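Computed from a predicted structure; not experimentally measured. All values below come from the heavy atoms of this structure, side chains included, with hydrogens, waters and symmetry mates left out.
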Amino acid sequence: MYKIDEVAQKTKLTKRALRYYEELGLVSPSGRTEGGYRMYTDADVEQILHIIDMRDLLGASLAEIKEMVELGRLYEEQREFYNQHYKNRDLDGPELLERIEMLQKLEDTLTPQRDFLQTKIARMQELLADFDNKLERIVSKRTELTEEFKGVNNC
């Protein structure tokens, strides 16, 4: 278990940011000391690093991150329920229908997360294409002017 100072150091966030993330429901320390100090596990630190990745790599807002975190938690709960009740069992009739419905819930939980990522990727590809077009025009113009310069100086 880590104190908030250690987690701040590991994640390169301030203690204030960690408390704010907790207030928003993005992360929750796994425990507290008798004195009320927050205590974090390795899993908590990994969750915080995942949030940082979503913020920095995807450019996601804290509201978007919160939605993704909530969907992630829901997915994990649903997956655990599915594994406990349906996985590796021969089911028939109503139980088979319940299993199919549970798989639909899992799909419905993952789809918005996938769509969010797909939207971010598409936007990044648009930005990259824009930069590629600009670079192509610059290189083309530089090449044209270089050839013109060579022609003028060889006369």
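Met102 and Leu110 fall within the same hydrophobic cluster, where Ile, Leu, Val, Met, Phe, Trp and Tyr residues are linked whenever their side-chain heavy atoms come under 4.5 Å apart, directly or through other members. Clustering ILVMFWY residues whenever any of their side-chain heavy atoms sit less than 4.5 angstrom apart, transitively, puts Val45 in the very cluster that holds Ile4. Cluster annotation: Met68 is connected to Ile52 through the hydrophobic network of ILVMFWY side chains, with a link wherever side-chain heavy atoms come within less than 4.5 Å. Connection of Leu62 to Leu71 is not established within any shared hydrophobic cluster, with ILVMFWY side chains joined at heavy-atom distances below 4.5 Å, either directly or through further cluster members. Taken together through direct or relayed side-chain contacts under 4.5 Å among Ile, Leu, Val, Met, Phe, Trp and Tyr, Tyr40 and Leu49 form part of one hydrophobic cluster.
Note that CG of Leu18 and CD of Glu23 are 12.5 Å apart. Values are rounded to the nearest 0.5 Å. In this structure, CD in Gln113 is found 8.5 Å from CE in Met54, a value given to the nearest 0.5 Å. Rounding to the nearest 0.5 angstrom, the gap separating the NZ atom in Lys105 from the CG atom in Leu74 is 9.0 Å. Between the NE2 atom of His50 and the OG1 atom of Thr11 there is a distance of 15.0 Å, given to the nearest 0.5 Å. Atoms CD and CG, on Glu46 and Asp53 in that order, are 9.5 Å from each other to the nearest 0.5 Å.
A cation-pi contact, defined as under 6.0 Å to the ring centre and within 45° of the axis, links Lys10 to Tyr2.
A salt bridge does not link Glu6 to Lys3: none of the charged nitrogens lies less than 4.0 Å from a carboxylate oxygen. Between Arg79 and Glu76, at least one side-chain nitrogen of the basic residue sits less than 4.0 Å from a carboxylate oxygen of the acidic one, meeting the salt-bridge criterion. Under 4.0 Å is where a charged nitrogen must lie from a carboxylate oxygen, and between Lys141 and Glu147 no such pair does.
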Show the numbers, then the answer: is there a side-chain contact (heavy atoms from CB on, under 4.5 Å) between Val69 and Arg73?
-> CA-CA 6 Å; Val69 166; Arg73 286 180 187 146; 3.6 Å; yes
Chi angles and distances behind the side-chain hydrogen bond (donor to acceptor under 3.5 Å, both in side chains) call for Asp108, Gln104 = CA-CA 6 Å; Asp108 292 345; Gln104 182 65 53; 2.7 Å; yes
Given Glu126 and Arg123, is the salt bridge (Lys or Arg N to Asp or Glu O under 4.0 Å) satisfied, shown in steps?
-> CA-CA 5 Å; Glu126 290 172 8; Arg123 183 66 184 123; 3.1 Å; yes
Apply side-chain hydrogen bond (donor to acceptor under 3.5 Å, both in side chains) to the pair Thr109 and Gln78, showing each step before the final yes or no.
-> CA-CA 9 Å; Thr109 301; Gln78 291 171 338; 2.7 Å; yes
May I have the step-by-step check of side-chain contact (heavy atoms from CB on, under 4.5 Å) for Leu58 and Phe116, ending in yes or no?
-> CA-CA 10 Å; Leu58 298 176; Phe116 172 80; 3.9 Å; yes
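Between Arg32 and Tyr37 there is no side-chain heavy-atom pair separated by less than 4.5 Å.
Here the side chain of Glu64 pairs a donor or acceptor atom with the backbone of Ser61 at under 3.5 angstrom. A distance-only check finds a donor-acceptor pair linking the side chain of Arg99 to the backbone of Arg89 [under 3.5 Å]. No side-chain donor-acceptor contact under 3.5 Å links Glu80 to the backbone of Glu77. A donor-acceptor pair under 3.5 Å is formed between the side chain of His85 and the backbone N or O of Phe81. A side-chain donor-acceptor contact under 3.5 Å links Asp44 to the backbone of Ser30. Remark: side-chain polar atoms of Lys66 are paired, donor with acceptor, to backbone N or O of Leu24 under 3.5 angstrom.
Hydrophobic cluster membership of Met39, counting Ile, Leu, Val, Met, Phe, Trp and Tyr whose side-chain heavy atoms lie under 4.5 Å apart directly or via other members: Met1.
Between the side chains of Arg55 and Tyr21, at least one donor-acceptor pair of N or O atoms lies under 3.5 Å.
Other residues, nucleotides and ligands place no more than 12 heavy atoms under 6.0 Å from the CZ atom of Arg114.
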Can you give each donor-acceptor pair under 3.5 Å made by side-chain atoms of residues 132-140, sequence neighbours left out, with the distance rounded to 0.1 Å?
residue : atom : partner : partner atom : Å
Asn133  : ND2  : Ala129  : O            : 3.4
Lys134  : NZ   : Asp130  : OD2          : 3.3

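Here the shortest heavy-atom pairing between Gln47 and Val27 reads CG-CG2, 4.4 Å. Closest non-hydrogen pair, Asp5 versus Lys15, comes out as OD1-CD, 2.8 Å.
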